[in-house]
Engineer: 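To start, I am sharing the structure in question, which I have written as structure tokens.
Given the structure is predicted, the values throughout are model-derived calculations rather than measurements.
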Amino acid sequence: MEIKSGKRHEIADNFGMEFSISENGTSPGPNDVLDVDLYPTATTFEILERWEEENRINLNSFNPEDEIQLLDWYEINELWIINSDDIKSNLSDYITEGTLEKGKTVEGFAKNTD
């Protein structure tokens, strides 16, 4: 599946990824194609680990395990976007940034007790 350049930027931003942009074409002109390649970083895998942690605690939550194992960045991003409204903002901050308010726990946020 071809992922558009803008979508790849969104994926890179959502999951702390690096990306490279290269121009493909036999000669300069309107037929040139920009290729955007995504590169997961340590931050990417930390985000995925925190997301999986939330899923282990909150069994009613969506589980992107198959997509994560396949490193299907497009589908992982789509699952994040579709389900992000169901994640409390503090839990979302924990997943994406690794931060928790003082005295709060992941378990409390995941089970909606904090």
Engineer: Listed by chain and number, what are the salt bridge (charged side-chain N to carboxylate O under 4.0 Å, His left out) partners of Glu78, not counting sequence neighbours?
Structural biologist: Lys7
Engineer: I would like to know whether Trp51 and Leu79 meet side-chain contact (heavy atoms from CB on, under 4.5 Å); could you show each step before the answer?
Structural biologist: CA-CA 11 Å; Trp51 193 3; Leu79 284 169; 4.3 Å; yes
Engineer: If you measure only the distance, is there a donor-acceptor pair under 3.5 Å linking the side chains of Glu54 and Tyr94?
Structural biologist: no
Engineer: Using a 4.5 Å cut-off on heavy atoms from C-beta on, say whether the side chain of Pro64 contacts that of Leu48.
Structural biologist: no
Engineer: Sequence neighbours excluded, which residues qualify as side chain to side chain donor-acceptor pair (under 3.5 Å) partners of Thr44?
Structural biologist: Thr41
Engineer: Who pairs with Glu52 by side chain to side chain donor-acceptor pair (under 3.5 Å), at least two apart in sequence or on another chain?
Structural biologist: none
Engineer: What heavy-atom pair brings Arg50 and Glu97 nearest, and what distance separates the two atoms?
Structural biologist: NH2-C, 3.9 Å
Engineer: Without placing hydrogens or testing angles, list every side-chain donor-acceptor pair under 3.5 Å for residues 12-19, not counting sequence neighbours.
Structural biologist:
residue, atom, partner, partner atom, Å
Asn14, ND2, Asn77, OD1, 2.6

Engineer: Could you state whether Leu71 and Ile11 fall into the same hydrophobic cluster, counting links through intermediate Ile, Leu, Val, Met, Phe, Trp or Tyr residues with side-chain heavy atoms under 4.5 angstrom apart?
Structural biologist: yes
Engineer: Identify the two heavy atoms, one from Leu38 and one from Arg8, that lie closest to each other, and give their separation to 0.1 Å.
Structural biologist: CD2-O, 3.4 Å
Engineer: Residues two or more places apart in sequence or in another chain: which of them pass side-chain contact (heavy atoms from CB on, under 4.5 Å) with Glu49?
Structural biologist: none
Engineer: When hydrophobic residues are tied together by side-chain contacts of less than 4.5 Å, even through go-betweens, does Phe45 share a cluster with Ile76?
Structural biologist: yes
Engineer: Can you sort out the partners of Leu70 under side-chain contact (heavy atoms from CB on, under 4.5 Å), two or more places apart, ordered by chain and number?
Structural biologist: Asp72
